[in-house]
Structures are given as C-alpha cells and as structure tokens.
J.: 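Structure below; questions to follow.
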Amino acid sequence: MLGRRYSEGLHQAIEAKEHVDVQQENKTLATITFQNYFRLYGKLSGMTGTAATEAEEFGAIYKLDIIEIPTNKPVIREDHPDVVYKNDIGKNRAIVDQIVACHEKGQPVLVGTVSIEKSEFISSLLKRKGIPHTVLNAKYHEKEAEIVAQAGKLGAVTIATNMAGRGTDIILGGNAEFLSKADLRKAGFEEDVIAEATGYAETEDENILAAREMFRERMAVHKKDTDAEAEKVRAVGGLFILGTERHESRRIDNQLRGRAGRQGDPGESRFFLAMTDDVMRLFGSERVMNMMEALKVDDDTPLDAKMLSGAIEQAQKTVESRNFQTRKAVLEYDDVMNKQREIIYGERRKVLDGEDLRAQIMGMIAEFITSTVNDALMGSVCESQQQLDDALQPFEKLFMPRGYFKIADFGGSVKPEKLAAAVQELAEKVYAEREEAFGPAPNGTPLMRELERVIMLRVVDEYWMDHIDAMDQLKRGIGLRGYGSIKPIDAYKQEGFDMFEAMVRGIREETVRRLYTVRIRREAPIERKAVAKNAAANVGGEPVKKQPVKKLPKPGRNDPCPCGKMKADGSRRLKYKECCGRNE
C-alpha cells in the first residue's frame, strides 16, 4: 500500500530479505480513534436505514438518540421465516432450487452472500444449471452501481456480497437513468460531461447542452420500456431477496432485506441457513444437530421454526454486544490519550498561532531550577561547598561557570528556596544578555521570540512522538495486570499519567537546555573574485597558450632515476628504486 509501512522493524526485515534498500523506521506522528475523531465536531448527526439495532452504541458513545422516520409508502414486502438445514449440501441445493423457481416465472432475484468465495461458489452452481446471472463481489466496484441498478429487471439473477453496490436504488423493471447514461458513453461523451448531463446547473457549454438533450430523449425511450417491464415484475411478486447466511450483525441483514419493497413495491425475502454456519455455532448448534440426527432428518428437509429464528437473533445480539464491548474498551483506553492529546495540541496551537512565549519560557526556567535544586538537596539545608557544587552541577554547562556561588556568600548555609531564587536571578540575567546579543529578527521583534517558538515546537513534537510509542507499548501488556486482581484500565490511567508527567518534565528541561546552548549562524555575503586565466593576463600581456604536458613512461625499478640524482661518491646515477621510487 502506497505510503504505508509495517512498524517495529518488520518492514526493514522484509526489505533485507528481498535485497532492496533498507529504509528508516517510520515514527507515528499522531493517533486517534474514529470515535474521538467524530466527537471533535460541534454537531454530529447522520441518516441510515439500519441504525435502530445499534441504538445502545450511538447513545453510549456519541450521546445521540435514534429517531425512526416512517416510510413514504407502507412496506408490503413479505419477510419469510428462516429455513435451517442440517448441512451446507442441503442448503445449497435449496438455494439453487429457489433461484430456478423464481427465474422460471420471471421474478428477479438478488442473492446476498457474506464473502467473495461464497458468491463465486453459488455462481458455479448456477452455471451448471445454465441460469444466466451476474456476480458482484466488490472486485469491480466501478461497474457495480450499474449492475445493481438493473437487478430489478424481469428474470434477472444477481449475486452480490453484502457490501457490493450499496447506495444504489434497485428500481423494478430496470433503471432508465443508468441505461441513458450507457447510451451517452456509447455516443463518445466524457464522464465529466455525462455527470453534468443529469444536472440542472446553468451552462453555455455546447457539449454539455448536447449531452442533456440526448439524455432527455433516451430517458423518455427507456422510461417507457422500464415502466412496462415494472408492471410485469410487480405481477410476479417483485424483487426476491435470498440470503445465503446470517451475518454477525443484524444491521447487515436488514440492509440486504431493505433492497426489496422500496416505495410501496411488492417483494419477498428469505434467509437460508445450515447448522454448520458460523453464526449457528455461536448459540450451540450441537444440541439441534443431535436432535436432527436422532430424528433421522435428511439433508434436504429444513427446520422452519419460529423458535429457531428467535435463537438465531439472540446469537446475533450476543455477537453485536461483544463487538460493542470491544470497541468501548478501545475507546476507554483512547480517552486517556485524548486528555493528553488536548493538552499537547493546545501548546502546539499557541506556538503555531505566533503567541509570545516569553512568560511561558520564564516559567519553565523557574520550574526547572526549583525542581532540580529540590531534588538535589531533598528539601534539606545546604551546609557545605561540595554539596552546593553538586546541587548546581546541572546548570554549569547552561548559564553558570563552576564555583560561581560560594557557600560563604550565603553565610555558611542556604535553604533550597533561597538558592533556587539566586540561581533563577542569574539565569534570567544570562537569558536577557543572550537576547540582546542575538538582536532583532528581520520583522523587528527580538530574534529570541522566534527561537523560542521554533525550539519549543521541535521539542514538543519529538517528545510527543516518543510518548505515543511508549503508551502503545504500555497498552499491549497492560491486560496482564488482570491476573494480579488489578483492573487493567485503572493501571493504564495511573501509569499513563505518570508517563505524561515525565514527558512534560522532559519537554521543559530540554527546551531550557536548547535555549541556553543554541548558536545562531549568520549567512555571510558571497564574495565573487575574478580569477585570471594565466600569469600573462595579470600583467597586461597577451595570454600565453597552454602547452601540452608530455607524460613519460614510468621507469622500471632498476632503471636510472629520471631526476638525474647521482650517488654520493659520483660513481653513477641512482636507480629509480633507490631514489624517487623508494616509497612505492
């Protein structure tokens, strides 16, 4: 996935294994849950056909009430009770038989499956029977709206995963608008022009006007055909929704059912289940299986009992409740981070808005000095020079030379408060000198104000990123506290608070340290010097043409040295290995 990488060294391991360049580890810059993200908005609302089953969650997390709006026309769809088979073999045979029966009388069927594999399996069964059908499985989502829109045509069989093609109205007899758009595509119109063709915005673009004219003509033609076909579909019972399995969430099942019986149209729905389905196992299908075995019920005989439907719905409620509790637990942990997030982002907002941070920085310096002195002296009186030097050691590299304060200056002993006040006075004096030395920024304000903002922002970001990682590591192992009879969320809150306090202390100390040690590098103006081409040009003469350098072949080690140096006694020239080549 573009721009996404695994963390904790896993991606680096994959890169090493695949012999590609090993990139730097990614760092999490910010985290938030969907719930807390949505709760940032001042107003929160929504509209959906299937919120009633999730009313508890909307109320608990978002404080939202669910209001059910009555339908425009009465719903006359017939929802048949579920039929339950002993195993998948009997269920699949019954599904195919139902599709064949509907197809023979011309009733359109929409088959809902829980996965892509199941939809392709049902498709293979229908191919054997020779029934023409279309399959939607969220693989080709660009075309899905078009396919679903035509699922209400006479005799159409459409197989879809529960997620596929949602948001498209299934009109009985076919969707004239989609057919008209298809005609515009065939005529060679671009997609953006086709989108404008269905609108009413004022335009003088001849291409769009031509597309609108053609769209109106094609709509009139197709509407006549689809209206005539819609009457035939209504006569055979409308759209038949066939569910091949119950989903974990009732909301998804209701979405599937709600595709039939729109705007007062007739329709039917039925779910086919097997005792081996995932949801059936949750409410103890072994008992029913044993009963069916004892009664010698064959594969093709269904159980059509209201009691069983109630038990299935109870199983779905149990799963929904468990999933809700999981989401609620995630939110409880994120609420701890949310409080910290608000504080940190509030500080960052001040910096980004260009607020004057001088008073805040002075407060940081005071807190840093007070806490450091108190930690060193542990609240007791300082009575020796060695003790004083040890207490002031953290400030030596920042704004104070070693031995600046003598115990004699304080009359032989000093209280922590008095020592902290003396050190703070020196710190503020040095800070004022640095501010004066740096001078003004180009906009006229002291350069120190800009430095304070830049350093503060950088330190906060660095420490916050490390804190996110640390809190994530804490959350992973906090569940083990349950074995010690400690509520994990309480332990997380306590330790998270301690870690946050440590981070704030670290930010304070690091900001102060950088402000006292930062150096400003001024950009020197670039001086361009004219370089003469050769010596003759410098003295005003004619430039001398550069002579080629002749490279002589390298002499052998025992050859006379080319430099011509003689032996000390003058008897012969030195060999190359004795002279210039002696270091080779």
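The residues of the chain are indexed from 1 along the displayed sequence.
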J.: Describe, in one word, how the ring planes of F240 and H80 are oriented to each other, choosing from parallel (under 30°), tilted (30 to 60°) and perpendicular (over 60°).
T.: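 Ring orientation of F240 relative to H80: parallel.
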
J.: Please round to the nearest 0.5 Å and tell me the distance separating atom CD1 of I241 and atom CZ of R257.
T.: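 Between I241 CD1 and R257 CZ, I get 10.0 Å after rounding to 0.5 Å.
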
J.: Around atom CD of E342, are there more than 12 heavy atoms from other residues, nucleotides or ligands closer than 6.0 Å?
T.: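 Counting neighbours around CD of E342, more than 12 heavy atoms of other residues, nucleotides or ligands fall under 6.0 Å, so yes.
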
J.: Could you tell me whether Q325 atom CD has more than 12 heavy atoms of other residues or ligands within 6.0 Å of it?
T.: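 Buried by this count: over 12 neighbours within 6.0 Å.
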
J.: What's the separation between atom CG in D183 and atom CE in M214, rounded to the nearest 0.5 Å?
T.: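 It is 5.5 Å, given to the nearest 0.5 Å.
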
J.: In Å and rounded to the nearest 0.5 Å, what is the CD to OG1 distance from Q150 to T226?
T.: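 Between atom CD of Q150 and atom OG1 of T226 there are 9.0 Å.
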
J.: Take a 6.0 Å sphere around CD of E190 and say whether it holds more than 12 heavy atoms from other residues, nucleotides or ligands.
T.: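 No, because the 6.0 Å sphere around CD of E190 holds 12 heavy atoms or fewer from other groups.
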
J.: Hey, what do you get for CZ (F272) to OH (Y85), rounding to the nearest 0.5 Å?
T.: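 F272 CZ to Y85 OH: 6.0 Å, rounded to 0.5 Å.
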
J.: Parallel, tilted or perpendicular: which one describes the rings of Y41 and Y37, with boundaries at 30° and 60°?
T.: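 Correct class here is perpendicular.
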
J.: Quick check: are there more than 12 heavy atoms from other residues, nucleotides or ligands sitting under 6.0 Å from CZ of R5?
T.: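 Count over threshold, so yes.
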
J.: To the nearest 0.5 Å, what is the distance between OG1 on T276 and CD on E245?
T.: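 The distance works out to 8.5 Å.
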
J.: Should we say atom CD of E462 is surrounded by more than 12 heavy atoms from elsewhere, each under 6.0 Å from it?
T.: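 Count over threshold, so yes.
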
J.: Are there over 12 heavy-atom neighbours, none belonging to I67, within less than 6.0 Å of that residue's CD1?
T.: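 Open: at most 12 neighbouring heavy atoms sit under 6.0 Å from CD1 of I67.
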
J.: Should we say atom CG of D498 is surrounded by more than 12 heavy atoms from elsewhere, each under 6.0 Å from it?
T.: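 Check passes, neighbour count above 12.
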
J.: For a salt bridge (charged side-chain N to carboxylate O under 4.0 Å, His left out) check, start with the C-alpha distance between D205 and R212, then their side-chain angles and the critical distance, and finish with the verdict.
T.: CA-CA 11 Å; D205 190 321; R212 282 182 182 174; over 6 Å; no

J.: Any chance you could measure K493, atom NZ, to K487, atom NZ, to the nearest 0.5 Å?
T.: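 Result: 7.5 Å between the selected atoms.
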
J.: Salt bridge (charged side-chain N to carboxylate O under 4.0 Å, His left out), that's the test. Do E268 and R77 meet it? Break it down for me.
T.: CA-CA 5 Å; E268 295 178 67; R77 181 185 66 236; over 6 Å; no

J.: Checking side-chain polar atoms at under 3.5 Å, does R39 have a donor or acceptor matched by the opposite partner on N36?
T.: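 Side-chain D/A pair, R39 to N36: present.
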
J.: How about T158 and H133: does a side-chain donor come under 3.5 Å of a side-chain acceptor?
T.: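 No pair is found: no donor N or O on one side chain lies under 3.5 Å from an acceptor on the other.
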
J.: Taking atom types as modelled, is there a side-chain donor on H467 or Q340 under 3.5 Å from an acceptor on the other?
T.: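 Side chains of H467 and Q340: pair found under 3.5 Å.
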
J.: For residues Q316 and D253, is any side-chain donor paired with an opposing acceptor at under 3.5 Å?
T.: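 Checked: Q316/D253 side chains pair up, N/O donor to acceptor below 3.5 Å.
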
J.: State plainly whether the residues R250 and E320 are in salt-bridge range, i.e. N to O under 4.0 Å.
T.: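 Salt bridge present between R250 and E320.
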
J.: Hey, does the side chain of S180 reach the backbone of A176 with a donor-acceptor pair shorter than 3.5 angstrom?
T.: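 Present.
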
J.: In terms of side-chain geometry, is the basic nitrogen of R505 or E501 positioned less than 4.0 Å from the acidic oxygen of its partner?
T.: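 Salt bridge flag = no for E501 with R505.
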
J.: Give the ring-plane orientation class for Y345 versus W464, where under 30° counts as parallel, over 60° as perpendicular and anything between as tilted.
T.: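 Judged by the thresholds at 30° and 60°, the geometry between Y345 and W464 is perpendicular.
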
